[in-house]
2 protein chains.
Amino acid sequence: MSIGGTASTTAVLRVMNERAVFAEIFKLGKVSRPELAQATGLSKPTISMALADLERARLVRPIGLRTGNAGRAALLYEIRPQAGWVLAVDVGREFVRLALADLVGDIAARRDEHRKGGETPGELVAWLAGLARELVDEAGVDLADITLTVFGTPGIHDKETCSLQLAPNLPGWGRPGAIELLAGVAGEAPYLVENDVDLAAVGEGAYGLGQGMAHFALVWIGTGIGMGIVIDGKLYRGYQGAAGEISYMPVGEGDPLVNRGRGMLESVASADGVVALATRLGMRGVTSAKDVFDAARAGDDVARQVVAAEADHIAHALAGVIAVLDPEMVVLGGGIGAQAGDLLIGPVADGLRDLVALRVPMIRASTLGTEAVLLGAMAVGLTKARDLVFERAVAQAPPG
Amino acid sequence: MSIGGTASTTAVLRVMNERAVFAEIFKLGKVSRPELAQATGLSKPTISMALADLERARLVRPIGLRTGNAGRAALLYEIRPQAGWVLAVDVGREFVRLALADLVGDIAARRDEHRKGGETPGELVAWLAGLARELVDEAGVDLADITLTVFGTPGIHDKETCSLQLAPNLPGWGRPGAIELLAGVAGEAPYLVENDVDLAAVGEGAYGLGQGMAHFALVWIGTGIGMGIVIDGKLYRGYQGAAGEISYMPVGEGDPLVNRGRGMLESVASADGVVALATRLGMRGVTSAKDVFDAARAGDDVARQVVAAEADHIAHALAGVIAVLDPEMVVLGGGIGAQAGDLLIGPVADGLRDLVALRVPMIRASTLGTEAVLLGAMAVGLTKARDLVFERAVAQAPPG
DNA sequence: CGAACTTTGTTAGAGACCTTGCCAAATTTG
DNA sequence: CAAATTTGGCAAGGTCTCTAACAAAGTTCG
């Protein structure tokens, strides 16, 4: 029902207005009272009241006078950065990345660590906890100051069993309750677990090519294949959280059943698939997809053939995605998407022209590279943390 | 930014509360003041004030006393049905259907007319306008009483050019500005034009199998193929309004370029595709898909083979859809989906088990049949009309 | 059949919030 | 240094909602 809205009393009205002021300060940065009055439509006394409350809750702070204009100098306010801290953790297949940022998103400390591989969940969590403590020390804050932690991992997070599905590279995490171990990484703070590719899409929307775009998709091609979907500016997860798991899309020739267990698209289009095809066509000494792409750039005919085949596979998969979602843009990310973007974007877009009913959406290579997941986790965390700190502050100290 | 909300004054608060009361009456039907107070959390005096305002605006009316319980009899209120009228129009390929309903959704008059075919847009609009006038007369209301008209048509509605794309069966409607002709069908009221399959999905969500479901898709298989997508309970249209145009999905064998101009999935899975395959396999006297399905039910081996192939094509297309969207349910509708649901549901679900990564969503046959589009148009219209009449009433007569 | 009980609806008083209008303070401009 | 301009604060007034008490109208039980 579109007619909705909850019934409210005047106290709720006050909270709504304070929230609006808080949000406006985030949007505008350093801002004066008259500017806030202008932006929110509220009167000067109301703005002053709201600011007094927010300052008492230590969510904002006065930052000094703005002089230079005619008239009395305005006292500027800004978000108090230390009002919240967000820990973002990218638990990748080969690397672990962590970043600690304050409430305005400035990164105070970060780590990139190579994984040894084969850790048990307990070992992994212990390691991450140690790294988190290092970050917190480095930033000069306390573990208890962390507002929220966001983890990005492969696989999908099953809320019923608290386990990870479809994450073959994280052994032991499929067991019921395993994910709850992550609660121990950073103090008592709440935590979120999201699919890594989904987060990369959010990152692309917050800091990359998807800024201000309502509907787009990020296709992640590397050792595996996945897709993150942003609809109406928000991450779309699907019913089971499996939206965008396109590795199983039926693409390419051959008996689909042969490829059971690994997705059909994944088996032909992932890094391994590229290497396999190159070898099959007679290339020598190829150990990684990067070798193939480098050879193609150098003019190797067989390598170019492999690239063309790869582009064709991607185009066919994207044709299905586009037919279903009709996005404004498709971003290619992940190892292959980012490394070979220059080689693939053109042929993929060309191929799509024959496969798509209407206009072909923009096809772009991600500009965020390996940072996408971490940035997405940070974006999710910051958004959520802003709500959390406000909710807490308003709940604790209600009236004036 | 998740922290949002607009700043408000107390006058806005009053409107919010009145809107909440209005919505609650829609939800509960005949309802007393104490029940409204309970449901909205507002106090008795506030409920009385809101009801007085709503009654003065002629949006609700007292309906009598509820006696029987202990204590004083409660005065019941309900939505005044005549507070708004919605005209729903399904402009199909072979039929035109119209329904006129009051604000609570009771259908006061309707028509089902066979199309002559080949009308110009002007002729079609004139015909529809005549039918609309008949409906209005039959219901005993005036053309000016119509709050909103919703049209469902094939093709997608391009807002920039005001034309219909991808609607080969509606000649003349691709011209820029053509759609604006529809404004003349029902007085001065605002109107909406939506894709017919999208509306069918909305109908399924409002009156059919999708009730209370957040994410589902309706696949429409008939003379053409399309899909309507509901995400978070709302219709998802995509960037260009082409979301769910799966007729072009690359499915099945053969050179895709051969099928250019007609979608690849559409060419093999639509009604024509079924007839074509049956003929190719040696069936005689087959003129419609229904013949094939009847023969399959009667035990004809070749027909069963055609059905199996059809199910296989649908399963492969759905595998792509499910990989992207991860819906809770997929409904099969349209001529083939509804008529042959009994034959297809099982094999399609079985086929999907080998093509889908996680749990296969529910696969169901639509229960709404040919009514789906009209019901969807009505659902869209009613939702919008409820907003419209409230907005108008509150804007006209603000305070008490 | 009537008194006690229960629920409904209204009225009065009070509290919370926002706004307008006015005035003081602080800074630039001439 | 005075005029102009902008900022910030204060007081008065209006709107909205809530609580509490009361009146009205039905049922239940003796």
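Numbers restart at 1 for each chain; the letters A, B, ... are given by sequence-line order, proteins then strands. Note that the structure is predicted; figures quoted are calculated from it, not measured.
- By the salt bridge (Lys or Arg N to Asp or Glu O under 4.0 Å) test, A/Glu180 is found to be paired with no residue, residues two or more places apart in sequence or in another chain being considered.
- Of the candidate nucleotides C/dT8, C/dT20, D/dT17, C/dT20 has the atom lying nearest to any side-chain atom of A/Ser43.
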Legend entry - Contact state string [nucleotides 9-15 of chain D, B base, S sugar-phosphate only, - no protein heavy atom under 4.0 Å]: BB----B
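- Rounded to whole Å, the distance from CE on B/Met49 to P on D/dT17 is 8 Å.
- Scored by the salt bridge (Lys or Arg N to Asp or Glu O under 4.0 Å) test, B/Arg66 finds B/Glu35 as partners (sequence neighbours excluded).
- For the pair B/Leu13 CG and C/dC17 C1', the computed distance is 9 Å after rounding to whole Å.
- Between the CG atom of A/Leu76 and the P atom of D/dT6 there is a distance of 16 Å, rounded to whole Å.
- Applying the side chain to side chain donor-acceptor pair (under 3.5 Å) rule to A/Thr10 yields no partners; only residues at least two apart in sequence or on another chain are considered.
- At whole-Å resolution of the value, CD1 in B/Ile47 and P in D/dC16 are 15 Å apart.
- In this structure, B/Leu42 atom CG and D/dT19 atom C1' are separated by 14 Å, rounded to whole Å.
- At whole-Å resolution of the value, CD in A/Glu18 and C1' in C/dA16 are 13 Å apart.
- Applying the salt bridge (charged side-chain N to carboxylate O under 4.0 Å, His left out) definition to pairs two or more places apart or across chains, those involving residues 78-88 of chain B are B/Lys30-B/Glu78, B/Arg61-B/Glu78.
- Judged as a side chain to side chain donor-acceptor pair (under 3.5 Å), and not counting sequence neighbours, the contacts of B/Ser43 are B/Thr46.
- In this structure, B/Glu18 CD and B/Leu59 CG are separated by 9.0 Å, a value rounded to the nearest 0.5 Å.
- Rounded to an integer number of Å, the gap from CD of A/Glu35 to C1' of D/dT7 is 12 Å.
- Residues satisfying the salt bridge (Lys or Arg N to Asp or Glu O under 4.0 Å) test with A/Arg237, not counting sequence neighbours, are A/Glu194.
- For the pair A/Asn17 and C/dC17, the criterion of a side-chain N or O lying under 4.0 Å from OP1 or OP2 is not met.
- Proximity of a side-chain donor or acceptor of B/Asp142 to a complementary backbone N or O of B/Ala144 within less than 3.5 Å is detected.
- Atom P of nucleotide D/dA23 and atom CG of B/Leu75 are separated by 22 Å, given to the nearest angstrom.
- Position along DNA chain C of the nearest nucleotide to B/Pro34 versus A/Thr46 favours B/Pro34 as the more 5'-ward residue.
- The side chain to side chain donor-acceptor pair (under 3.5 Å) search around A/Gln82 returns none, not counting sequence neighbours.
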What N/O pairs connect the protein and nucleotides 28-30 of chain C at under 3.5 Å? Give each pair on its own line.
from: C/dT28; atom 1: OP1; to: A/Thr67; atom 2: OG1; distance (Å): 2.8

